[in-house]
There are 2 protein chains.
Amino acid sequence: MPKKREETEVFHEHLKRTRLKRTAQRDAILDVFLDTEGHVSSEELYALVRAKDPAVGFTTVYRTLKLLKECGLARELESYDGRTLYEHHYKHSHHDHLICTQCGALIEFYSEEIERMQEEIARQYRFKPFHHSHRIFGACAKCQKEEKARASAQ
Amino acid sequence: MPKKREETEVFHEHLKRTRLKRTAQRDAILDVFLDTEGHVSSEELYALVRAKDPAVGFTTVYRTLKLLKECGLARELESYDGRTLYEHHYKHSHHDHLICTQCGALIEFYSEEIERMQEEIARQYRFKPFHHSHRIFGACAKCQKEEKARASAQ
DNA sequence: CTTAGTGCAAACCGTTTGCAAATGC
DNA sequence: GCATTTGCAAACGGTTTGCACTAAG
């Protein structure tokens with residue numbers, strides 16, 4: 001997996017640049033994080049890291065996620081229930097989310113037009129955009145189907 | 001202010017419909033809420049209500065805001081710092097926000113095209129959208145100007 | 001040997017809940 | 001009278017912080 005090595009380097013570079021230390025815990029957390037696909041909460045990541053190395057604390061996971069955000073490897077997104085999810089971001093192009101409020105499923109979408117319109121709007125208000133969060137809440141296909149099945153069953 | 005009376009009626013109707021009781025506290029909170037323009041946090045609203053009627057608790061403000069959401073008078077939105085803001089929503093058309101991460105300013109925007117594109121995307125994924133949250137974070141015109149002034153001052 | 005990182009427990013902050021007393025209907 | 005609402009205090013859940021200890025450079 002050449003990508004993983006590259007991302008690991010990005011992290012080590014970041015540590016060096018900011019004169020931080022490379023530790024076993026940070027390496028373990030990065031390693032596990034890069035092995036997850038999709039979205040993880042901090043607790044999930046903690047549990048996964050724990051499974052491999054029980055000597056890692058909650059705190060360190062949080063602190064490391066912050067570092068990963070800083071060096072652009074992790075992207076933070078707010079789920080529908082208020083807790084924070086993370087996904088890796090490095091060379092994983094920008095996208096927004098459809099969020100199923102029944103099962104919590106996250107569907108990624110990307111629209112060139114919407115991105116363009118956002119730029120346009122920001123310009124109108126002389127607003128300098130840094131980033132955005134665009135979430136559409138509703139029911140995913142699966143949950144709609146189940147809903148329908150439940151309705152006809154009674 | 002004919003609008004306010006109308007909204008008050010909506011609330012009282014909602015109470016009747018759901019067999020809830022009309023109380024002095026609920027009336028006070030509604031009254032103060034309708035008098036605010038723009039966005040209030042629950043604590044701000046609590047403070048404002050407190051100023052008029054010191055015998056109202058935190059809890060009641062939260063619980064009443066929930067009722068106001070239910071009957072469509074209040075809309076909830078997440079600020080950039082994780083706390084919840086409320087705005088009144090009744091006959092106040094839908095919009096999204098540009099959020100200044102420096103001063104917290106909220107600028108409302110609305111784009112027919114973006115709304116349309118969202119529908120389109122949902123359709124593509126057979127997703128049934130209920131509502132959405134679209135926030136663009138960045139620096140407002142004022143903060144950019146101040147930033148520039150600070151930079152040239154040194 | 002100096003500086004930063006760690007794990008733990010405690011603090012935090014906005015929000016929610018359990019409860020006995022108070023109030024609307 | 002009966003159910004609902006209230007305010008308080010305590011609980012909650014996710015995140016952050018203070019601190020004595022440990023480890024990296």
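The chains referred to below are lettered A, B, ... by the order of the sequence lines, with proteins before strands, and numbering in each begins at 1.
If you measure from atom CG of A/Leu15 to atom C1' of C/dA4, you get 12 Å, rounded to the nearest angstrom. The separation between B/Arg83 atom CZ and C/dG14 atom P is 7 Å, rounded to whole Å. Whole-Å rounding puts the A/Glu78 CD to D/dG14 P distance at 15 Å. In this structure, B/Glu43 atom CD and C/dC13 atom P are separated by 11 Å, rounded to whole Å. Between the CD atom of B/Glu76 and the C1' atom of C/dT15 there is a distance of 11 Å, given to the nearest Å. Atom CZ in B/Arg63 sits about 10 Å away from atom P in C/dT17, given to the nearest Å. Straight-line distance from the OH atom of B/Tyr62 to the P atom of D/dA9: 17 Å, rounded to whole Å. Straight-line distance from the OH atom of A/Tyr46 to the P atom of C/dT6: 14 Å, rounded to whole Å.
DNA chain C is contacted by both A/Thr23 and B/Thr23; A/Thr23 maps to the nucleotide lying nearer its 5′ end (nearest heavy atom per residue).
Side-chain nitrogen and oxygen atoms of B/Thr84 include at least one within less than 4.0 Å of the OP1 or OP2 phosphate oxygen of C/dT15. Under 4.0 angstrom from either OP1 or OP2 of D/dT5 there lies at least one side-chain N or O belonging to B/Arg26. Distances shown here put every side-chain N or O of B/Arg19 at or beyond 4.0 Å from the OP1 or OP2 atom of C/dC25. In this structure, A/Gln25 does not reach the D/dA23 phosphate: none of its side-chain N or O atoms is under 4.0 Å from OP1 or OP2.
Salt bridge annotation for B/Arg116-A/Glu113: absent, with no cationic side-chain nitrogen under 4.0 angstrom from a carboxylate oxygen.
Contact record, A/Leu15 with A/Lys21: CD1-O, 3.9 Å, taken as the closest heavy-atom pair.
Distance alone, capped at 3.5 Å, places no donor-acceptor pair between the B/His14 side chain and the B/Val10 backbone.
Using a 4.0 Å heavy-atom cutoff across all strands shown, B/Ala24 reaches no nucleic acid atom at all. Residue contacts for A/Thr59: at a heavy-atom cut-off of 4.0 Å it reaches a base atom on one of the strands shown. Among the protein residues, B/Ser41 comes within range of no part of the nucleic acid, since none of its heavy atoms lies under 4.0 Å from any strand.
The aromatic rings of B/His97 and B/His95 lie perpendicular to each other, with more than 60° between the two planes, well past the 30° mark.
Scanning atom types as modelled, no donor and acceptor separated by under 3.5 angstrom connect the side chain of B/Lys21 and the base of C/dT23.
No more than 12 heavy-atom neighbours from other residues, nucleotides or ligands sit within 6.0 angstrom of CZ on B/Arg19.
Closest approach to the B/Arg50 side chain among D/dT5, D/dC8, C/dT6 is made by D/dC8 (side chain taken as heavy atoms from C-beta onward).
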